[in-house]
**Q** 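I am attaching a structure below and will ask some questions about it afterwards.
Below, read A as the first sequence line, B as the second, and so on, with proteins coming before strands; counting in each chain starts at 1. These figures come from a predicted structure and were not determined experimentally.
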Protein chains: 2
Amino acid sequence: MTGTTHPPKDAPELRFERPLTTVDLVVFTLREDQLQVLLVQRPDRPKEPFPNDWALPGGFVDVHKDASLQACAQRKLKEKTGVDTPYLEQLGSWGGAARDPRGWSATHVYFTLLPITGVTLQEGGNSQDAQWFPVDSGVQHQTLAFDHAEILRVAVQRLRAKVEYTSLPAHLLPQPFTLPQLQKAYELVLGRAVDKSGFRTRMLAASFLEETGPIDVGAPRLAMGYRMNADQPLAYFPRTFSPRSDH
Amino acid sequence: MTGTTHPPKDAPELRFERPLTTVDLVVFTLREDQLQVLLVQRPDRPKEPFPNDWALPGGFVDVHKDASLQACAQRKLKEKTGVDTPYLEQLGSWGGAARDPRGWSATHVYFTLLPITGVTLQEGGNSQDAQWFPVDSGVQHQTLAFDHAEILRVAVQRLRAKVEYTSLPAHLLPQPFTLPQLQKAYELVLGRAVDKSGFRTRMLAASFLEETGPIDVGAPRLAMGYRMNADQPLAYFPRTFSPRSDH
DNA sequence: GAAATAGTGTCTGTAAGACATTATATT
DNA sequence: AATATAATGTCTTACAGACACTATTTC
């Protein structure tokens with residue numbers, strides 16, 4: 001380990017301009033019967049780009065605090081939401097000369113799904129205002145800071161695609177949950193109804209759920225409660241959901 | 001555009017240490033009836049990490065040459081292979097304090113599939129020796145430079161997973177190709193046989209192929225030639241390949 | 001016509017979609 | 001008992017897998 005200084009003194013061949021390196025988060029939750037995403041408002045200070053615009057939470061990698069990109073994402077998530085998420089997936093990276101007026105920059109984007117119940121939005125710090133926005137309220141096409149509108153669009157697309165053949169939406173619910181609740185989560189994310197019978201067969205066949213006993217969720221009848229198998233953060237189904245009408 | 005200098009003079013709040021930013025490539029091809037991957041040998045020079053070890057082709061982002069990460073990947077691919085690939089997908093990014101002895105670094109990894117016929121390996125430059133290695137010859141578990149063994153493992157996993165439900169292997173063949181050739185490409189990537197009848201139905205149903213007329217590929221009988229639909233770099237199948245025996 | 005490969009047809013199995021029906025709780 | 005929701009059953013359809021069969025070319 002030679003140790004890197006800024007500017008690097010010990011390695012002449014490394015004396016070239018380095019891009020800025022950031023990590024951004026796309027945090028999804030279910031709130032008010034809608035799929036929502038967490039955004040923060042850019043500060044209104046001199047030299048800060050996109051003042052007052054909404055942006056994905058995130059920021060610069062701190063080479064002294066963060067052992068890795070994933071660790072950096074976890075840290076930022078914890079700072080904003082107080083949550084240690086069990087599911088954090090890399091969405092991809094975006095980098096170029098034009099995306100940040102401060103210079104050539106590359107961001108590593110992670111996305112996560114959280115039950116709203118576990119979240120307590122942290123005020124202050126770099127993110128004056130953190131706020132939830134419904135994904136289908138036009139946020140995707142509003143002018144977010146940087147290229148975050150594009151990133152959010154890709155994130156939503158990836159989420160919806162993946163929900164068609166994985167157990168992802170289970171992470172949106174506090175445990176234990178019932179199958180009707182899980183089905184509703186799927187329907188809210190996909191934006192369409194799903195057949196109950198097929199849904200249940202499919203979920204139970206994937207064996208990523210464990211029974212926890214009947215639950216009263218305010219319905220006339222008790223429903224079986226389930227929690228996710230601890231060792232299986234994500235189950236893959238043999239086919240995608242796809243209504244007949246598509247063909 | 002404020003313009004970034006090194007060190008930045010105009011933005012006190014940006015005077016922190018920046019990670020190194022690189023782009024690496026996982027280049028797959030079909031060669032000698034095997035799935036192979038392109039590796040380059042690390043130079044044996046003072047201050048260069050992992051001297052003589054094999055590594056994925058790639059290198060530092062050049063903020064003056066490269067408009068974006070994708071452009072950087074295209075440039076490096078062209079430099080090494082002389083190819084302008086029609087298919088370049090981001091695999092993900094790897095970053096951390098420990099992966100490069102020169103300091104905190106993050107690499108953005110792209111992968112591509114090429115017909116071997118179009119490639120002419122470029123000698124000299126930063127990559128003394130570029131060479132093809134069969135994926136299943138233990139390269140995945142050899143000690144590659146940096147964390148490239150891990151990256152390669154993920155790339156192979158992603159490729160094999162995606163081949164189960166997409167038209168990816170078509171990019172491994174020079175056009176036009178025949179369906180038997182395409183099937184062989186699938187079988188080589190997947191490492192198992194695939195049923196002919198189902199395969200053909202599936203490929204033709206996906207309608208990403210255009211007939212180009214019968215071809216003589218040295219077989220006793222002519223076969224229909226196909227090329228990929230120009231506007232469809234990747235077709236998705238409704239289900240994955242999966243032999244009965246799995247269930 | 002023998003041989004080898006290209007291409008097609010038939011049967012079966014799996015799992016989803018559609019929708020009807022039964023079960024269980026509350027009022 | 002009425003009602004609302006939970007859970008199950010039945011029928012159909014799509015499409016892959018297995019495997020047998022036909023077609024076309026060269027020798």
Side-chain angles (χ1 to χ4, degrees), chain A residues 33 161 163-167 169 173 176-187 190-209 211-226 235-247, chain B residues 33 161 163-167 169 173 176-187 190-209 211-226 235-247:
Chain A
D33 275 3
V163 161
E164 297 274 359
Y165 60 92
T166 69
S167 63
L173 300 173
F177 49 80
T178 68
L179 284 183
Q181 285 175 330
L182 184 57
Q183 181 174 352
K184 180 147 198 196
Y186 271 87
E187 292 176 337
L190 290 173
R192 67 167 194 266
V194 165
D195 180 76
K196 180 166 50 167
S197 172
F199 180 81
R200 300 177 63 92
T201 325
R202 188 169 174 150
M203 292 302 140
L204 297 174
S207 64
F208 69 101
L209 296 174
E211 296 193 353
T212 61
I215 295 181
D216 183 354
V217 292
R221 179 179 165 180
L222 298 184
M224 180 56 70
Y226 295 90
Y236 289 82
F237 309 133
R239 302 193 200 164
T240 61
F241 288 104
S242 58
R244 286 280 153 74
S245 42
D246 282 16
H247 294 205
Chain B
D33 275 3
V163 161
E164 297 275 358
Y165 61 93
T166 69
S167 63
L173 300 173
F177 49 80
T178 69
L179 284 182
Q181 286 176 328
L182 185 57
Q183 181 175 352
K184 179 145 197 198
Y186 271 87
E187 293 176 337
L190 290 174
R192 67 165 194 268
V194 165
D195 180 76
K196 180 168 51 167
S197 170
F199 179 82
R200 299 177 63 92
T201 323
R202 191 169 171 150
M203 292 304 139
L204 297 174
S207 65
F208 68 102
L209 296 174
E211 296 192 353
T212 61
I215 294 182
D216 184 353
V217 292
R221 179 179 164 181
L222 297 184
M224 180 54 71
Y226 295 90
Y236 289 82
F237 310 133
R239 302 192 200 165
T240 62
F241 287 105
S242 58
R244 284 282 151 73
S245 42
D246 282 16
H247 293 208

**Q** What's the CD-P distance between A:Gln183 and D:dT8, to the nearest Å?
**A** 13 Å
**Q** Is there, by distance only and without an angle test, a donor paired with an acceptor across the side chain of B:Arg221 and the base of D:dA23 below 3.5 Å?
**A** yes
**Q** Would the distance check show the side chain of B:Thr212 and the main-chain N or O of B:Gly225 forming a donor-acceptor pair, the cut-off being under 3.5 Å?
**A** yes
**Q** Cation-pi check for A:Tyr165 against A:Arg202: NZ or CZ below 6.0 Å from the six-membered ring centre and within 45 degrees of the axis, yes or no?
**A** no
**Q** Starting from the 5' end of DNA chain D, give me the residue, B:Arg239 or B:Pro220, whose nearest nucleotide shows up first.
**A** B:Arg239
**Q** Contact class for B:Ser197 (heavy atom, under 4.0 Å): base, sugar-phosphate, or nothing?
**A** base
**Q** To the nearest Å, how far apart are A:Met224 CE and D:dA6 P?
**A** 13 Å
**Q** Answer yes or no: does a side-chain N or O of B:Arg200 lie under 4.0 Å from OP1 or OP2 of C:dA6?
**A** no
**Q** Could you check whether A:Arg202 gets within reach of a base, just the sugar-phosphate, or nothing at all, counting any heavy atom under 4.0 Å?
**A** sugar-phosphate
**Q** I'd like to know whether B:Ser167 forms a side-chain contact (heavy atoms from CB on, under 4.5 Å) with B:Phe237, so could you lay out the CA-CA distance, the side-chain angles of the two residues, the decisive distance to 0.1 Å, and finally the verdict.
**A** CA-CA 8 Å; B:Ser167 63; B:Phe237 310 133; 4.3 Å; yes
**Q** Let me know the distance between CG of B:Leu179 and P of C:dT5, rounded to the nearest Å.
**A** 17 Å
**Q** Measure CG/A:Asp195 against P/D:dT10 and give the value in whole Å, please.
**A** 16 Å
**Q** Tell me if the centroids of the rings in B:Tyr186 and B:Phe199 come within less than 6.0 Å of each other.
**A** yes
